[in-house]
Amino acid sequence: MTSDHRVGPPSFGSERDMLRAFLDYHRATLAMKCEGLTDEELRQQSMPPSTLSLLGLVRHMAEVERAWFRRVFEDNDAPMVWSDTIDFQAAYDASASTRAEAFAAWEAEVENSRRIEREAESLDLAGHQPRWGEEVSLRMVMVHVLLEYGRHNGHADFLREGVDGTVGA
């Protein structure tokens, strides 16, 4: 990694500002973990039997963003990016993927998620989670996606260390 350009979340602010800032911080963390690596390094897998790679995590988080923002608040039938069957694991197979492809999809989904959040009148906006068959709030979605990033950024620390020996930030 070259340098840390992330903007840390504020110490004070509204609930919405905090959720938005923490999500953006974790999104920036994932991008930072991938910074300066070649496609081959980004595809480098963890230890067997895991097929997890940094590029697979980026692809997976594109699916997470789509599933929890677009599919819940705009189009319950929107297809996933890399799976015809709502299989989140399919995104982990980055063996034929490139940084350009994975990051373009992820960044597009992040921008869509940001737009949905910005346009919502409140965190109480209700959407339908098709996998659960129930209504969920924007607040719940933002917290859930934040937890997904937190968990997967922990994996990204491990994967990055395996590529070049850096210690997690």
Side-chain angles (χ1 to χ4, degrees), residues 5-7 9-10 13-35 39 42-43 45 50-156 159:
H5 300 290
R6 297 173 297 170
V7 175
S14 71
E15 177 185 19
R16 191 169 191 162
D17 289 342
M18 288 288 184
L19 288 171
R20 182 184 293 149
F22 269 97
L23 258 174
D24 282 341
Y25 181 80
H26 276 283
R27 289 166 174 150
T29 298
L30 181 57
M32 183 182 76
K33 297 296 177 186
C34 298
E35 194 174 272
D39 285 1
L42 288 168
R43 286 190 295 265
Q45 296 177 352
S50 176
T51 59
L52 193 58
S53 68
L54 284 165
L55 206 53
L57 284 178
V58 171
R59 288 166 47 107
H60 175 71
M61 291 312 298
E63 297 285 35
V64 167
E65 294 271 1
R66 179 175 284 202
W68 282 99
F69 284 93
R70 185 180 302 201
R71 286 178 51 87
V72 168
F73 296 107
E74 289 187 335
D75 180 3
N76 292 155
D77 297 318
M80 299 302 283
V81 183
W82 289 282
S83 169
D84 296 332
T85 61
I86 318 299
D87 177 7
F88 284 86
Q89 303 303 313
Y92 286 134
D93 180 7
S95 57
S97 188
T98 64
R99 171 193 291 274
E101 175 234 10
F103 271 82
W106 177 59
E107 289 167 355
E109 292 306 323
V110 166
E111 285 310 310
N112 189 62
S113 298
R114 286 178 175 143
R115 178 188 52 77
I116 289 168
E117 183 273 322
R118 269 192 321 268
E119 292 175 358
E121 288 186 29
S122 81
L123 292 174
D124 292 323
L125 173 69
H128 179 76
Q129 174 39 277
R131 289 179 63 215
W132 296 354
E134 65 183 57
E135 298 294 302
V136 295
S137 70
L138 177 59
R139 176 183 294 103
M140 182 271 163
V141 168
M142 291 180 77
V143 169
H144 180 82
V145 174
L146 179 58
L147 292 171
E148 284 279 324
Y149 273 104
R151 181 167 58 105
H152 291 307
N153 280 337
H155 298 140
L159 290 163

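The analysis underlying the following values was restricted to heavy atoms, covering all of them including side chains, and did not include hydrogens, waters or symmetry mates. Along the sequence shown, residues are numbered consecutively beginning with 1.
- The two atoms that bring Pro130 and Asn76 nearest to each other are CG-O, 3.8 Å, heavy atoms only.
- At distances below 3.5 Å, at least one donor-acceptor pair connects side-chain atoms of Arg16 with backbone N or O atoms of Glu117.
- Remark: Ala21 pairs with Pro9, Pro10 by the side chain to side chain contact (heavy atoms under 4.5 Å, CB included) rule, at least two apart or across chains.
- Counting non-hydrogen atoms of neighbouring residues, nucleotides and ligands closer than 6.0 angstrom, the CG atom of Asp84 reaches no more than 12 such neighbours.
- The minimum heavy-atom distance between Ala62 and Trp82, with the atom names listed, is CB-CZ3, 3.8 Å.
- Checked against salt bridge (charged side-chain N to carboxylate O under 4.0 Å, His left out), Glu107 has no partners two or more places apart in sequence or in another chain.
- Between the Arg99 side chain and the Cys34 main chain, a donor and an acceptor come within less than 3.5 Å of each other.
- With values rounded to the nearest 0.5 angstrom, Tyr149 atom OH is found 4.0 Å from Met61 atom CE.
- Side-chain contact between Glu15 and Arg139 is present, with heavy atoms from C-beta onward closer than 4.5 Å.
- Between Gln129 and Ala67, the shortest heavy-atom distance links the atoms NE2-O, 4.1 Å.
- Looking at Leu52 and His60, their side chains never come closer than 4.5 Å, going by heavy atoms from C-beta outward.
- When side chains are defined from C-beta on, Val143 counts as touching Leu19, because their heavy atoms get closer than 4.5 Å.
- A donor-acceptor pair under 3.5 Å is absent between the side-chain atoms of Arg43 and the main chain of Ser53, judged by distance alone.
- Counting heavy atoms from C-beta outward, Val145 and Leu23 have side chains that approach closer than 4.5 Å.
- Counting heavy atoms from C-beta outward, Arg6 and Thr29 have side chains that approach closer than 4.5 Å.
- Other residues, nucleotides and ligands contribute at most 12 non-hydrogen atoms within 6.0 Å of the CD atom of Glu121.
- Atom CG of Leu57 and atom CH2 of Trp106 lie 11.0 Å apart (nearest 0.5 Å).
- Here CG of Leu42 is found 9.5 Å from OG1 of Thr98. Values are rounded to the nearest 0.5 Å.
- Closest non-hydrogen pair, Ser137 versus Leu123, comes out as CB-O, 3.6 Å.
- The only option from Glu65, Arg118, Arg66 that meets the side-chain hydrogen bond (donor to acceptor under 3.5 Å, both in side chains) definition with Ser113 turns out to be Glu65.
- Separation of atoms CD (Glu63) and OG (Ser83) is listed at 6.5 Å; rounding is to 0.5 Å.
- Taking the six-membered ring for Trp and thresholds of 30 and 60 degrees, Trp132 and His144 have ring planes more than 60 degrees apart, a perpendicular arrangement.
- Nearest approach of Gly13 to Met18, heavy atoms of both residues: N-CE, 3.6 Å.
- Looking at heavy atoms from C-beta onward, His152 lies out of side-chain contact with His26 at the 4.5 angstrom threshold.
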Which is it for Trp68 and Met140 under the side-chain contact (heavy atoms from CB on, under 4.5 Å) test, yes or no, and what are the steps along the way? CA-CA 10 Å; Trp68 282 99; Met140 182 271 163; 4.0 Å; yes

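- In this structure the side chain of Met32 never reaches within 4.5 angstrom of the side chain of His5, judged on heavy atoms.
- Rounded to the nearest 0.5 Å, atoms CG (Leu54) and CD (Glu35) are 12.5 Å apart.
- With rounding to the nearest 0.5 Å, the separation of CD in Glu109 from CE in Met80 is 8.5 Å.
- Contact between Leu55 and Ala102 at its shortest, heavy atoms only, is CD1-CB, 3.6 Å.
- Side-chain contact between Met142 and Phe69: present, with at least one pair of heavy atoms (C-beta onward) separated by less than 4.5 Å.
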